[in-house]
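What follows is one structure encoded as structure tokens, with my remarks underneath.
Chain identifiers are assigned alphabetically (A, B, ...) following the order of the sequence lines, protein sequences preceding nucleic acid strands; residue numbering begins at 1 within each chain.
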Amino acid sequence: DTAVSQTPKYLVTQMGNDKSIKCEQNLGHDTMYWYKQDSKKFLKIMFSYNNKELIINETVPNRFSPKSPDKAHLNLHINSLELGDSAVYFCASSQDLGGRAYGYTFGSGTRLTVV
Amino acid sequence: RKEVEQDPGPFNVPEGATVAFNCTYSNSASQSFFWYRQDCRKEPKLLMSVYSSGNEDGRFTAQLNRASQYISLLIRDSKLSDSATYLCVVNRRSGNQFYFGTGTSLTVIP
């Protein structure tokens, strides 16, 4: 059973399109995150939700909009895609807020390529 | 200054060697520390937490030096399967997110 699952695994799309990435966790965790890993492999937080409530919203263009219908799901919608959005997007979850006690569990990532 | 800094490597070591990675963090309020491992084109996976007194898990030993604000990871008797990128991760006392280093690349050579 996959603990944190993301779909799709690969996404190739043209500039200007709108796309969504879905994430679901079956661990019973309260907190979920979206991280972006760029071409230099640097992982940077985008959003964090705790029990469906937005906790962290880093400096991310407002073309990116997270949605958490329940605490097991955190989806990411991206409008008007740009070349610079190409990256690997990782969803993660943690048992406690911030993952201080037990760390994060990551999904397998969505490799987004904008052409 | 970056929150977490690591030597990117690459470290190329023969099987059986001992290798050590260091990582420095800038915020003295950092409270939680971890090492994650990331294989090529895969997600990061928790390797081990780092405790104040230092801790060991098989061939892996993690240490924390709060005074100098660095953590280390020692791998003994390297295996081919240890080849990966090792990510240093910290969290602040009042923080709700992880800060990741850019990772140190390790290749274990037969």
Side-chain angles (χ1 to χ4, degrees), chain A residues 2-7 9-10 21 23 25 27 29-51 53-60 87-113, chain B residues 1-11 21 23 25 27 29-52 55 57 60 62 64 71 73 84-107:
Chain A
T2 305
V4 181
S5 58
Q6 296 179 228
T7 54
K9 197 171 175 64
Y10 299 96
I21 308 172
C23 179
Q25 53 96 4
L27 297 167
H29 288 172
D30 286 343
T31 312
M32 296 184 73
Y33 311 82
W34 277 110
Y35 273 79
K36 178 180 179 180
Q37 189 170 42
D38 59 26
S39 56
K40 294 182 180 174
K41 308 299 182 189
F42 182 59
L43 272 160
K44 187 169 166 50
I45 193 162
M46 301 173 69
F47 302 103
S48 163
Y49 272 72
N50 187 60
N51 264 320
E53 181 186 344
L54 181 65
I55 300 296
I56 293 173
N57 183 350
E58 286 292 295
T59 310
V60 175
V88 182
Y89 292 83
F90 285 103
C91 177
S93 71
S94 63
Q95 188 170 335
D96 59 309
L97 182 61
R100 283 192 287 276
Y102 304 106
Y104 291 177
T105 301
F106 282 89
S108 58
T110 296
R111 188 171 295 273
L112 171 65
T113 304
Chain B
R1 188 181 167 189
K2 285 184 183 174
E3 192 86 20
V4 181
E5 300 217 46
Q6 290 181 254
D7 178 351
F11 285 65
F21 310 134
C23 158
Y25 58 95
N27 195 311
S30 297
Q31 181 188 36
S32 302
F33 309 89
F34 303 89
W35 283 102
Y36 272 72
R37 170 196 170 128
Q38 187 172 23
D39 291 289
C40 188
R41 301 179 79 85
K42 298 283 189 182
E43 73 272 24
K45 290 186 177 174
L46 179 64
L47 180 65
M48 60 197 301
S49 303
V50 186
Y51 302 123
S52 297
N55 48 298
D57 183 0
F60 299 83
L64 167 64
I71 68 174
L73 177 69
T85 296
Y86 291 84
L87 299 164
C88 172
V89 184
V90 307
N91 193 334
R92 296 178 190 167
R93 188 168 292 124
S94 59
N96 294 321
Q97 62 165 294
F98 279 178
Y99 295 90
F100 285 84
T102 49
T104 299
S105 173
L106 172 68
T107 301

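Counting only distance, with no hydrogens or angles, the side chain of A:Gln25 and the backbone of A:Ala3 share no donor-acceptor pair below 3.5 Å. The backbone N or O of A:Gly98 sits less than 3.5 Å from a side-chain atom of B:Asn91, completing a donor-acceptor pair. Remark: the backbone N or O of B:Asp7 is paired with a side-chain donor or acceptor of B:Thr104 at under 3.5 angstrom. Side-chain atoms of B:Glu3 never come within 3.5 Å of backbone atoms of B:Val90 as a donor-acceptor pair (strictly under, hydrogens ignored). A donor-acceptor pair under 3.5 Å is formed between the side chain of A:Gln6 and the backbone N or O of A:Gly109.
Top candidate by heavy-atom pairs under 4.5 Å with chain B, chosen from A:Ile55, A:Val4, A:Ile45, is A:Ile45. By number of non-hydrogen pairs under 4.5 angstrom with chain A, the leading residue of B:Tyr99, B:Phe100, B:Phe33 is B:Phe100. Among A:Gly99, A:Ala101, A:Ala92, the residue making the largest number of heavy-atom pairs under 4.5 Å with chain B is A:Gly99.
For A:Leu43, the parts lying near chain B are the backbone and the side chain together; criterion is any non-hydrogen pair under 4.5 Å. In this structure, chain A has a heavy atom under 4.5 Å from the side chain of B:Tyr36, while its backbone stays farther away. For chain B, the nearby parts of A:Phe106 are the backbone and the side chain; heavy atoms of each come within less than 4.5 Å.
Results of the ring pair (Phe, Tyr, Trp, His ring centres under 6.0 Å) test with B:Phe98 over B:Trp35, B:Tyr25, B:Phe34 single out B:Phe34 as the only residue that passes.
Between B:Leu73 and B:Met48, the closest side-chain pair of non-hydrogen atoms falls below 4.5 Å.
Heavy atoms of other residues, nucleotides or ligands lying less than 6.0 angstrom from CD of A:Glu58 number more than 12.
Applying a 4.5 Å heavy-atom cutoff, the residues of residues 30-38 of chain A that approach chain B are A:Tyr33, A:Tyr35, A:Gln37.
In this structure, A:Ser94 and A:Gly103 approach most closely via the heavy-atom pair CB-O, 3.5 Å.
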